Each structure stands twice: as structure tokens, then as C-alpha cells.
Amino acid sequence: MFVSLGTSALAGAGVGLLFGVPAWGAAAGLLGWGAYQIRQFQKLETWLRNNDGTAPPEANGHWGELLDELARMQKADRKREQALQAVIRRFQQSSAALQDAIVIIDRSNNLEWWNRSADKLLGLKATSDRGKPVMNLLRDPRFIRYFRKGRYNEPLELPSPVNNDLHLQYQITVFGEGDRLLVARDITRLMRLEQTRQDFVANASHELRTPLTVIRGYLETFLDQDLPRPLARAMGQMQAQARRMENLVNDLLLLSRLDASNHIADEHRIQLKQMLNQIYQDALALNQTLEKDHSINLQLDSGADVTGQELELHSAFSNLVFNAVRYTPAQGNIQLRWWTDARGGHFSVSDDGIGIESVHIPRLTERFYRVDESRSSSSGGTGLGLAIVKHVLVRHGAHLTIDSRPGEGSTFSCHFPTEMLVGASGTHPAETPDAQPH
Ligand code: ADP
């Protein structure tokens, strides 16, 4: 039964009046009311503290209403909590069932949560690794560099830290306030398929070499004889096509070698002056063979060299130079230039030839992509030249830019970062002893 403050005081005063002490009676009534409130408070406090889902303590009036309301709110909260827990449980179950390793890393680079596949693929231990810095557990320097760099547009491919035969593709996504989601996918099967493809191309190219050499040898012997004209023409064509096929096989072999590893094997200082002079001489020779009558000019504006793999860089530079000789119509101007600036070293090949429509430019470095099939074939190209150039440059931390306008000409430039430069750096306009206008 609920008794209000006024009623208690009045009732106390009434009883007190019977004994001739109404004021004492009223005071006793108020005291009793106070004691009742304190008792109710204590019950409420104990019930709230237990929070064990039991019914609230019995009470009447305002206390009863208050307790009922609190009980209703508590029940609703509990239901919401259960629903959220169910969602979390389902999320954890589904991510645990995923084949990919999923790891949540907090903004201090510590491991916060991971699924079961992460135990298997990354060797994380649920018992001991929670809260530890990710870089203490995934220690491959390539991963640490990738993680620190903070630019996660491209995924990273590495062997698994627990099993060298497993190849993983790491992809990081930033979410929340600097938290990161790391997904590691097992790409061993894909890598094996890729390896099989590469091996096939390399083996097929290699196997084609011997029969081609024999065919070319015989054709050369026949062409040395005095042959009837139609036969000589046919033989001449066969020889040209055999040479083209040989170039194709050589380019395919080079590409498959480049594909086989992402790193340069025997990196050393390249004597650029010597190399570019050699390519320049070869360009002059090709110019004569093709009767192009171009004016070819080599300008060395810097004495700096680059570090890298000699054959690869020779192949990349000469591809650009020979393309300029082949695709520029007769009596064109071709400028070869090497210079350095604050951003690094640059080798460019400019011509004032046919140029290339802008739609083709982004696709030029794709294998076998050609702007004009008939023109490329007649020029003896393999369709692999620029793919090789791009591949070689990427392996050297460099990149290719193509600036071209139809009818005005093209400039193909190789840009090397400063780390790849050795020796004299900066632009030295005085050092141009090799400018040899043709
Ligand atoms: P290809 O063996 O056919 O020359 P590349 O990969 O070397 O193959 O070149 C791709 C295409 O780019 C060529 O087919 C040609 O159409 C175009 N190209 C390359 N260099 C030049 C250039 N200097 N001027 C005009 N077009 C060029």
C-alpha cells in the first residue's frame, strides 16, 4: 500500500492526538514515511545491481509504477543486447567459415580480432597474440613496408609466414578512425596456373628456336644460289618471315624471363653513355637498311648513370629507338636525350612522325596490341616491344610516359627515380659531346 507524505503526517498527528501529542504523532508519521522510502530505495538499488532478469521488488503507487517502467526498459535493453549478440555471433561464424584470413588491426597497429583462417594462413595464436603489434607477428620486410606506406590500392603478394609453399595476397582496407581490415587470400593455385602458363610460353619459344635456325640456315644457303626470279622472291619472303618469327620467339623468351621474377638478378652500374652510343649506332644502321634517311640525334645532358640490368635496359631503350626509326616516315627527325633533374633521370625518344591517336596510348604496352596491324607487320614488329619496355622499367622502379599527337609525332620517355642514379647528377648542359646530328 502506498502512503503519501501528507497522509503519513496526518495519520501520525491523529494517533498522537489520542495521546495528547499530535505534533509528536505527526513527526513519528513522517519518520515512518521516510523509513519506508529508504527501504524502497534499498530494494531498488539491490535489484538494479543484480540485474539478473528477475521481477522487480513488489511495490505500490508511484514506486510500483517506477519499478514496472524500469523493468520494462531493462527487458527491452536485454532483448536489444541479445539481438546484437546474435548479429555478432553470426558475423563471427560467417567470417570464421571464410577461406580468407581476416584480421582487424586497431589504429595503434595492434591486433584486435581475427578469424580462424588467420590462425592457419598467418600463424596467429588466439591465446597469446591478441593486442600485440601486427608488425611483430608478420615480420616480412616487404609486408612491413607495404603496411607502413599506407597506400593500399594495390594488393601485395607474398609467401605465407607459416608455409613457404602457400602464396598469399594481402589487401588492406582502412575503416573507422584509422583502423585497418587485413584480408589475406590463398592464391597458391592461381600462382601455379600462372607458373604453368609462363613455363609453357618459355618452353614453346625455346623449342621453336632450333627448327627456326635450321629453316633460316637453309633459306640463306638457297638464296646464295642463282635462283629463278619468282623462286628468289618467294625465298626472300620466307626469309623475312622466318626472321620475324625469330624476333617473336626472342621477345617471348625475354618476356617470360621477365615474368619469372619480380627482381633484377645482377644489378650493377650501367655505363649509359656507352650503351646509348651503341644504340645510336644501331639506329643509324637500321636507318640505312630501311632507307629512311632520318636525321637522328643523341644528346647526353647528364653524366649520371643508372643501376640496373644491362641486357634488359638495352632491350628497352633500343625498342623505343628502333620503333621511332621504323614508324617515322622517311626523312623524319629523331631526337634521343638523357638528362637528370630533381625527380630523377630521364631518357626520351622523340620523333616527328605519324603520332598515335590518344585512344590507343593507354593500351600500347599490352602484349600484341597494335595501332595498325598491317603497318606493324610490314615494319617487322612483334607487338611485344612496348610490353617489354614497360616490364623492364617497372623492375627498375622506373616508368614509361607516352606523349603523342597524330600527324605531329611522339615522345616515349623512361623516368628513373633518383635512388637508381649513380655518379654525376643534375643537368649538365655543357656535357653534350655526343650530340651527333646525322
Ligand atoms: P610492334 O612490334 O608492333 O612495334 P610495340 O609494342 O613496339 O609493337 O609497339 C606497339 C605499337 O605502337 C606499334 O604497333 C605502333 O603502332 C605503335 N608505335 C610504337 N612506337 C611508335 C612511334 N614512334 N610512332 C608511332 N607509332 C608507334
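Note that the coordinates shown come from a computational prediction; the quantities given were computed from them, not determined experimentally. First listed ligand is number 1; within each ligand, the first listed atom is number 1.
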Item checked: Non-hydrogen atom of H360 closer than 4.0 Å to ligand 1 -> no

Notebook entry, point to check: Under a 4.0 Å N-O cut-off, is there an ion pair linking R78 with E81?
Noted result: no

Check: With atoms numbered from 1 as shown, which atoms in ligand 1 lie under 4.0 angstrom from a non-hydrogen atom of R370?
Finding: 3 (O), 14 (O)

Next item on the list: Run the numbers for me: atoms of ligand 1, each under 4.0 Å from some heavy atom of L364, listed by number.
Entry: 11 (C), 12 (O)

Margin query: I need the atoms of ligand 1 closer than 4.0 Å to a non-hydrogen atom of S410, numbered in the order shown.
Written below: 24 (N)

Next item on the list: Over all heavy atoms of both residues, which pair between L272 and A304 is shortest? Give the atoms and the distance, please.
Entry: CD1-O, 4.0 Å

Notebook entry, point to check: Under 4.0 Å from any heavy atom of G383, which atoms of ligand 1 are there?
Noted result: 1 (P), 2 (O), 3 (O), 6 (O), 8 (O)

Margin query: My understanding is that only one of F317, F416, W338 makes a ring-ring contact (aromatic ring centres under 6.0 Å, His included) with F347; could you say which?
Written below: F317

Checklist line | Cationic N near anionic O, under 4.0 Å, R243 to E246 | finding: no

Note to self: Minimum distance, heavy atoms only, to atom 3 (O) of ligand 1: which one of Y327, F322, F368 is it?
What the structure shows: Y327

Notebook entry, point to check: With backbone taken as N, CA, C and O and side chain as the heavy atoms from C-beta onward, which portion of T328 lies under 4.0 Å from ligand 1: side chain, backbone, both, or neither?
Noted result: neither

Next item on the list: May I ask you to list the atoms of ligand 1 that are less than 4.0 angstrom from any heavy atom of Y369?
Entry: 10 (C)

Notebook entry, point to check: For ligand 1, which atoms, with element, lie under 4.0 Å from some heavy atom of R326?
Noted result: 4 (O)

Next item on the list: Just jot down the ligand 1 atoms closer than 4.0 angstrom to any heavy atom of L386, in number order.
Entry: 5 (P), 6 (O), 7 (O), 9 (O), 10 (C), 12 (O)

Next item on the list: Could you tell me if any non-hydrogen atom of N319 lies under 4.0 Å from any atom of ligand 1?
Entry: no

Checklist line | For G385, atoms of ligand 1 separated by under 4.0 Å from a heavy atom | finding: 5 (P), 6 (O), 7 (O)

Next item on the list: Counting heavy atoms only, name the option from N323, I356, T411 that's nearest to atom 27 (C) of ligand 1.
Entry: I356

Note to self: Taking the basic N atoms (NZ, or NE/NH1/NH2) and the acidic carboxylate oxygens, is any pair closer than 4.0 Å for D351 and K292?
What the structure shows: no

Notebook entry, point to check: Ring centres of Y170 and F143 under 6.0 Å apart?
Noted result: yes

Margin query: Between D119 and R116, does any side-chain N to carboxylate O distance fall below 4.0 Å?
Written below: no

Next item on the list: Might you work through the side chain to side chain contact (heavy atoms under 4.5 Å, CB included) test for V134 and V103, ending with a clear yes or no?
Entry: CA-CA 10 Å; V134 61; V103 184; 5.7 Å; no

Next item on the list: Flag the pair L386 / N319 as yes when at least one side-chain heavy-atom distance between them is below 4.5 Å, and no otherwise.
Entry: no

